[in-house]
Amino acid sequence: MSKLSQLFVQCKNENRAALIGYLPAGFPTQEGSINILKAMIKGGVDAVEIGFPYSDPVMDGPVIQEAAELARQNGITMAKTLEIVKEISATGTPTLLMTYWNPIERYGIEKFAKDFSTNGMEGVITPDLTLEEALPWLAAAETNSIHPIFVVAPSTGDERLKVVTSNCSGFIYAASSMGVTGTQSNVANTASVLVERIRKISDTPVAVGLGVSNRTQASEVAKFADGVIVGSAFVKAVLQNPQDPTAAVTKVAQELALGVRER
Amino acid sequence: MSIDEKVAGKFGQFGGRFVPEALIGALDELERTHAEAMVDPIFLSELAHLNATYVGRPSILTEAKNFAKHCGGAQILLKREDLNHTGSHKINNVIGQALLTKRMGKKRLIAETGAGQHGVATATAAALMGFECVVYMGEEDVRRQALNVARMKLLGAEVIPVTSGSRTLKDAINEAMRDWVTNVADTHYLLGTVAGPHPFPTIVRDFHSVIGNEAREQVLALNGKLPDAVLACIGGGSNAMGIFNRFIDDAGVRLIGLEAGGDGIETGRHASTISGGSIGVLHGTRTFVLQDENGQTIESHSISAGLDYPGVGPEHAYLHETGRAEYRSVTDAQAMEAFALLSREEGIIPAIETAHALYGAMVLGKEIGPDATILINLSGRGDKDVETAAKWFGIEI
């Protein structure tokens with residue numbers, strides 16, 4: 001069983017949700033992103049989702065766009081992302097990658113799956129890979145024991161929800177609302193409806209992302225989801241505290257970690 | 001459970017859908033609405049009526065006898081899309097999609113624009129049919145196409161300058177996609193070219209096919225035979241697909257797309273996606289893209305804002321791969337040479353985009369000789385480019 005799957009079992013036993021933290025690779029620098037990811041883990045993040053900064057991130061709001069652009073300017077590459085994955089997964093924390101599709105295709109689907117999984121990456125979130133285009137990826141993921149994680153949205157129809165969720169493993173990424181990444185005010189209502197629909201057709205854990213940024217929201221989402229995904233709030237903490245980003249990130253993680261335990 | 005193997009919207013290995021799951025429902029709805037509309041006599045007659053009484057169709061065919069001297073003496077026929085309402089071919093697709101929007105019951109139109117022609121056309125249709133309209137335009141393009149920005153505002157549209165990435169067309173598309181993901185329930189994204197996720201490449205091609213349908217008839221009526229070659233400029237490739245489509249089955253007719261060569265492909269500063277790019281995924285479709293070894297999109301360069309795009313419609317990628325169409329590259333300097341020649345020889349100031357196709361005819365005409373007939377899609381007029389052209393030729397304004 002993967003560390004990620006073990007985590008969801010453990011969280012279930014502890015009657016809480018898992019806290020999953022996102023950070024773009026190489027943000028603000030190569031070394032800096034490793035330190036910040038470690039600071040997130042120190043503060044109570046249970047699993048990390050490392051984003052590969054891409055030139056055309058249509059699912060990301062302004063905060064993550066800014067961070068990804070900074071990382072790109074500082075020279076992030078797939079090879080450097082692989083180094084970050086290697087170092088973070090060595091801490092024992094379940095390590096996932098989030099990337100738009102083109103960089104995987106460019107790297108080579110098989111080679112990507114092999115290189116990254118042998119360096120500890122357990123799953124990949126692919127926000128713009130539709131299932132219709134995913135057959136080669138699903139094959140490569142299976143061969144290399146990678147969890148393929150697809151995003152479903154409140155607008156996803158019933159039939160499609162069945163097909164997409166049945167092809168996810170590790171967890172199902174439920175987008176809390178219609179929109180892009182970033183802070184949103186009313187997360188829990190639409191998300192709870194979607195999660196309820198998924199529960200009826202799937203036993204795979206469900207994690208909710210997009211818009212969760214504070215302890216209250218984390219706690220609300222933790223009441224119905226198995227995992228809470230937070231990205232922009234960490235990125236913001238880094239951007240707003242250039243002097244001591246790691247301390248700021250640890251503090252945000254600590255608050256959120258309390259939230260996912262308040263069911 | 002198995003995945004449905006039948007993937008709609010594929011052109012060989014190209015096309016398809018690479019989009020956030022949140023958009024699938026809207027794309028399905030659009031695909032369904034388009035399919036139903038295209039066999040609905042009421043829809044088709046409404047479209048034909050607007051084309052005839054609002055757009056100004058059919059557009060005329062002009063023989064350019066003076067310009068022909070610069071094309072090896074070949075017969076040069078210009079399909080005058082520049083004479084359409086709003087000044088380019090873009091209106092064809094916009095009227096069609098605006099009618100689809102009405103059919104879907106949506107109230108808000110969003111669009112991306114590079115040169116501003118598609119934005120102006122969308123703002124026009126929105127004014128006519130009573131939609132709220134938001135146009136995303138790269139900050140860099142807002143600067144170089146100020147006239148069109150003013151036109152859009154006069155038409156009642158909101159123009160949002162996009163400051164992310166390279167601040168050009170590709171980033172305007174990203175921003176429009178983000179808006180659409182967020183507001184998809186009441187908003188239609190009126191994509192302006194034959195790119196993007198299925199069904200856009202098919203829809204946009206279908207609404208522009210009127211260009212080739214008319215031109216084929218007009219050339220036959222004039223010459224009693226088909227042209228030897230059909231030329232069009234290629235950014236995303238909508239005017240080219242529009243004029244190519246009806247000729248694809250005419251095996252003897254060469255189809256040639258002219259991409260923007262910028263400073264020259266060898267300099268790396270160009271927008272020749274097919275000639276100088278590689279296969280990848282951009283803006284929801286698999287096609288040729290300008291990208292680096294990490295799959296990051298490389299910024300394109302062209303004097304023409306409308307061709308300044310690092311991707312290309314997937315059907316063009318397919319026509320290239322199968323060899324049915326040829327794609328060549330024309331530099332800024334070459335395009336401006338043709339721009340000046342057509343202006344002086346024929347009294348027609350073309351869009352700089354279109355000037356790329358005109359230069360292509362100057363080269364091709366010399367290759368195939370004076371007995372040949374070359375049909376060129378004169379996709380737009382050059383009023384919007386007067387400032388750029390004046391600067392290029394050192395004319396004070």
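Chain letters run A, B, ... following the sequence lines, proteins first and then strands; every chain starts at 1. Computed from a prediction, not measured in an experiment: that's the story for all the values here.
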Legend entry - Contacts with chain A made by residues 175-182 of chain B (heavy-atom distance under 4.5 Å), listed by residue number: B/Glu175, B/Met177, B/Arg178, B/Val181, B/Thr182
Legend entry - A/Pro53, part contacting chain B, at a heavy-atom distance under 4.5 Å: backbone
Legend entry - Residues B/Ser304 and B/Glu353: side-chain donor-acceptor under 3.5 angstrom: yes
Inset, instruction - Run the salt-bridge test on B/Arg167 and B/Glu140 with the 4.0 Å N-O cut-off and return the result as yes or no. - result: no
Legend entry - Among A/Glu69, A/Met59, A/Gln65, A/Met78, residue most engaged with chain B (heavy-atom pairs, under 4.5 Å): A/Gln65
Legend entry - Heavy-atom pair count under 4.5 Å with chain B, highest-scoring of A/Pro103, A/Pro154, A/Ala153, A/Pro57: A/Pro57
Legend entry - Proximity of A/Tyr100 and B/Phe18 rings by center, below 6.0 Å: no
Legend entry - NZ/NE/NH1/NH2 to OD/OE distance under 4.0 Å, B/Arg269 and B/Glu299: no
Legend entry - Pairing of A/Glu159 and A/Lys162 as salt bridge, 4.0 angstrom limit: yes
Inset, instruction - Could you tell me which portion of A/Thr156 (side chain, backbone, both or neither) has an atom closer than 4.5 angstrom to a non-hydrogen atom of chain B? - result: side chain
Inset, instruction - Give, as side chain, backbone, both or neither, the part of A/Val58 having an atom under 4.5 angstrom from any heavy atom of chain B. - result: both
Legend entry - A/His147-A/Ser169 side chain donor-acceptor pair, cut-off 3.5 Å: yes
Legend entry - B/Phe11 atom CZ: more than 12 heavy-atom contacts under 6.0 Å: yes
Legend entry - Portion of B/Val19 that has a non-hydrogen atom of chain A nearer than 4.5 angstrom: both
Inset, instruction - With a 4.5 Å cut-off on heavy-atom pairs, point out which of B/Ile298, B/Asn183, B/Asp292, B/Thr297 contacts chain A the most. - result: B/Thr297
Inset, instruction - Check the surroundings of atom CD in A/Glu142: do more than 12 heavy atoms from other residues, nucleotides or ligands lie under 6.0 Å from it? - result: no
Inset, instruction - Output yes when A/Lys111 and A/Asp115 qualify as a salt bridge under the 4.0 Å nitrogen-oxygen rule, no when they do not. - result: yes
Inset, instruction - Would you confirm whether the ring centroid of B/Tyr309 sits within less than 6.0 angstrom of the ring centroid of B/His283? - result: yes
Inset, instruction - Tell me, for A/Tyr54 versus chain B, whether the close heavy atoms (under 4.5 Å) come from the side chain, the backbone, both or neither. - result: both
Legend entry - Per-residue contact mode, B/Ser278 against chain A (heavy atom under 4.5 angstrom): side chain
